[in-house]
Undergrad: 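What follows is a single structure, and I will ask about it in a moment.
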Amino acid sequence: MKFTLTSAALILFLSTGCRELKLSTADITDGFNFGKQIYEASKDITQEQEYYVGRSVAANVLGRYKLYDNAEATAYVGDIGALLAINSKQPEIFGGYHFAILDSDEINAFATPGGFVFVTRGVLRLCKSEDELAAILAHEISHVQLKHGIGSVKDNRWTDVATTLGSKAVKKYGNKELVQLTKSFEDSISDIANALVVNGYSRSYEYEADEYSLGMLRKSAYDDSATLRVLSSMDDRLKDDALGFGSTHPKASDRLEAIGKLIQKQNGAIPTVRVQRFKSYMKNV
Amino acid sequence: MSILKITLIGLSLSSSLLNAEFLSVQVKKTVLRDKPSFLGKSIAKLSYADQVESAATQNDWSKVKTIKGESIGWVHSSALINKTIILSSRGKLTNSSVSQSEVLMAGKGFNKEVESAYKKKNAKLDFTLVNKIERANAVSAKRLISFAKNGKLSI
């Protein structure tokens with residue numbers, strides 16, 4: 001996605017979450033000008049709305065990839081993800097965090113708005129330890145909390161939504177409003193699905209997620225230098241990859257260079273019990 | 001008790017009421033706990049749009065009193081928002097002193113109704129799988145504590 005100044009402004013608004021922004025009473029009127037419509041609409045993306053957007057993006061991801069049927073491995077990924085989420089800045093989101101494995105050899109991972117996190121069997125096989133898998137999941141949880149999915153929606157979608165809703169408290173939509181909202185919804189889902197699966201997020205989003213993920217890794221007592229090791233493995237594997245992660249993410253070597261400076265220390269060897277359970281859950285993956 | 005003491009208590013009470021911050025639960029469901037930690041014992045269940053009164057904060061946790069049941073306990077601050085959330089079933093906002101900037105209309109914009117219309121237009125998408133993932137991943141506190149402890153991790 002081309003990163004424009006307008007996108008940056010939108011992200012700034014969205015990064016405030018749903019916290020009240022200081023507007024005068026005069027701003028909250030029916031006489032919105034064009035700029036204010038975008039402002040209000042993007043501000044009004046509540047967690048509830050993110051959740052519904054996320055469900056539909058997840059349905060699109062599952063239209064392209066099959067779910068991997070391995071309850072034990074899925075529960076293990078879910079446990080790591082839940083622990084990271086609890087140790088993050090935003091443990092509570094509208095519908096909670098959900099983790100699933102996609103039955104694909106592609107080395108890839110996705111996170112939708114609203115907390116659906118997907119990892120492929122390919123990326124699980126790339127990881128050599130639980131800590132490396134935690135680094136991948138922490139990166140994806142970071143995309144959720146930093147609202148990068150919503151930030152990938154084109155600005156004019158918010159204008160369309162604002163135009164449909166106005167400033168009035170619509171509770172039940174008329175047919176015309178519902179048709180218009182569904183069109184904006186469909187366009188937003190398409191923008192996010194394209195960013196996730198086809199074009200990738202902007203480089204700045206990826207670097208931001210790498211940096212943000214370190215907090216929850218450290219608080220969970222995972223070795224944050226696992227991020228370096230898994231990025232290094234990616235760099236080796238994805239040099240000539242025109243599909244999947246290699247096509248949607250900045251070069252791992254560039255990310256390594258950016259994040260390398262931020263890694264505080266190596267915590268030493270990973271405890272044996274963690275090594276053993278990783279091997280056990282991943283043996284059939 | 002002297003008139004002065006009663007007056008002072010009265011003043012102090014009204015001052016604390018004036019300073020009270022009302023917050024709303026912005027997640028589908030969460031739990032009121034007896035201490036500021038996910039390991040705390042559950043005191044009450046809270047649902048989307050429930051109102052609470054903030055009493056104190058500690059790190060990322062808020063000590064709150066529920067308006068409905070008057071239970072007191074701790075909620076992670078990420079589950080709360082400093083706005084009044086109006087559920088459509090609760091009718092119109094009657095308090096004219098609350099401005100629109102302090103109110104969130106639940107279900108406004110992209111909602112279940114819009115999702116249903118989107119599903120109809122995109123019949124090939126399988127939302128049963130999405131529902132399955134949502135149902136499958138509820139990790140209990142007990143399980144998570146044991147997972148962290150066994151793996152020498154922090155919770």
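Just so it is clear, the values below take in all heavy atoms, side chains as well, and ignore hydrogens, waters and symmetry mates. Every chain is numbered from 1 and lettered A, B, ... according to where its sequence line falls, protein lines coming before strand lines. Since the structure is predicted, the reported quantities are computational estimates derived from the model, not experimental observations.
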Undergrad: About how many Å separate OG1 of Thr46(A) and CE of Met105(B), when rounded to the nearest 0.5 Å?
TA: 11.5 Å

Undergrad: For Phe118(A), which residues count as a ring-ring contact (aromatic ring centres under 6.0 Å, His included) partner, sequence neighbours excluded?
TA: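 Phe118(A) satisfies ring-ring contact (aromatic ring centres under 6.0 Å, His included) with no residue once adjacent residues are dropped.
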
Undergrad: Please state whether the side chain, the backbone, both or neither of Asn87(A) comes within less than 4.5 Å of a heavy atom of chain B.
TA: side chain

Undergrad: Less than 4.5 Å apart, side chain to side chain, heavy atoms only: is that true for Val130(B) and Leu62(A)?
TA: yes

Undergrad: Looking only at atom types and distance, does a side-chain atom of Gln49(A) sit under 3.5 Å from a main-chain N or O of Asn111(B), one as donor and one as acceptor?
TA: no

Undergrad: Just to be sure I understand the criterion: a residue of residues 29-40 of chain B counts if one of its heavy atoms is under 4.5 Å from a heavy atom of chain A. Which ones qualify?
TA: Lys29(B), Thr30(B), Phe38(B)

Undergrad: Are Leu67(A) and Ile133(B) side-chain neighbours, meaning at least one heavy-atom pair lies under 4.5 Å?
TA: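 Yes, side chains in contact.
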
Undergrad: Which bit of Pro91(A) comes within less than 4.5 Å of chain B, counting heavy atoms only: side chain, backbone, both or neither?
TA: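 For Pro91(A), heavy atoms of backbone and side chain both lie under 4.5 Å from chain B.
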
Undergrad: Going by heavy atoms in the side chains, are Ile80(A) and Phe147(B) under 4.5 Å from each other?
TA: yes

Undergrad: Does any heavy atom of chain B fall under 4.5 Å from the side chain of Gln276(A), the backbone, both, or neither of them?
TA: neither

Undergrad: CD1 of Ile45(A) to NZ of Lys108(B): how many Å apart, nearest 0.5 Å?
TA: 11.0 Å

Undergrad: Measuring from atom NZ of Lys28(B) to atom CD of Glu92(A), what distance do you get when rounded to the nearest 0.5 angstrom?
TA: 13.5 Å

Undergrad: What part of Leu178(A) gets closer than 4.5 Å to chain B, counting heavy atoms only: side chain, backbone, both or neither?
TA: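 Only the side chain of Leu178(A) comes within 4.5 Å of chain B.
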
Undergrad: State whether Arg55(A) and Glu134(B) are salt-bridged, where the test is any N-O pair (Lys NZ or Arg NE/NH1/NH2 against Asp/Glu carboxylate O) under 4.0 Å.
TA: yes

Undergrad: Testing the basics here: between Ala82(A) and Leu144(B), what is the closest heavy-atom pair and its distance to 0.1 Å?
TA: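 That closest heavy-atom pairing would be CB-CD1, 3.9 Å.
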
Undergrad: How long is the straight-line distance from CD of Gln145(A) back to OG of Ser78(B), given to the nearest 0.5 Å?
TA: 8.0 Å

Undergrad: Check whether Ser184(A) gets within reach of chain B through its side chain, its backbone, both or neither, counting any heavy atom under 4.5 Å.
TA: both

Undergrad: At a heavy-atom separation under 4.5 Å, does Lys121(B) approach chain A through its side chain, its backbone, both, or neither?
TA: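 The answer is the side chain of Lys121(B).
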
Undergrad: Identify all side-chain donor-acceptor contacts of residues 148-155 of chain B below 3.5 Å with residues at least two apart in sequence or on another chain.
TA:
residue   : atom : partner   : partner atom : Å
Asn150(B) : ND2  : Ser146(B) : O            : 3.2

Undergrad: Roughly how far apart are Lys124(B) NZ and Asn60(A) CG, rounded to 0.5 Å?
TA: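 Answer rounded to 0.5 Å: 12.5 Å.
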
Undergrad: Are Asp60(B) and Lys89(A) close enough for a salt bridge, meaning some N to O gap below 4.0 Å?
TA: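 Here Asp60(B) does not pair with Lys89(A) in a salt bridge, since their nearest N and O are not under 4.0 Å apart.
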
Undergrad: For the ring pair Phe110(B) and Tyr52(A), is the centre-to-centre distance below 6.0 Å?
TA: no

Undergrad: Answer whether the closest heavy-atom distance between the side chains of Thr182(A) and Lys120(B) falls below 4.5 Å.
TA: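 Side-chain contact under 4.5 Å: no.
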
Undergrad: With sequence neighbours excluded, what pairs up with Val275(A) under the side-chain contact (heavy atoms from CB on, under 4.5 Å) test?
TA: Ile270(A), Lys279(A)

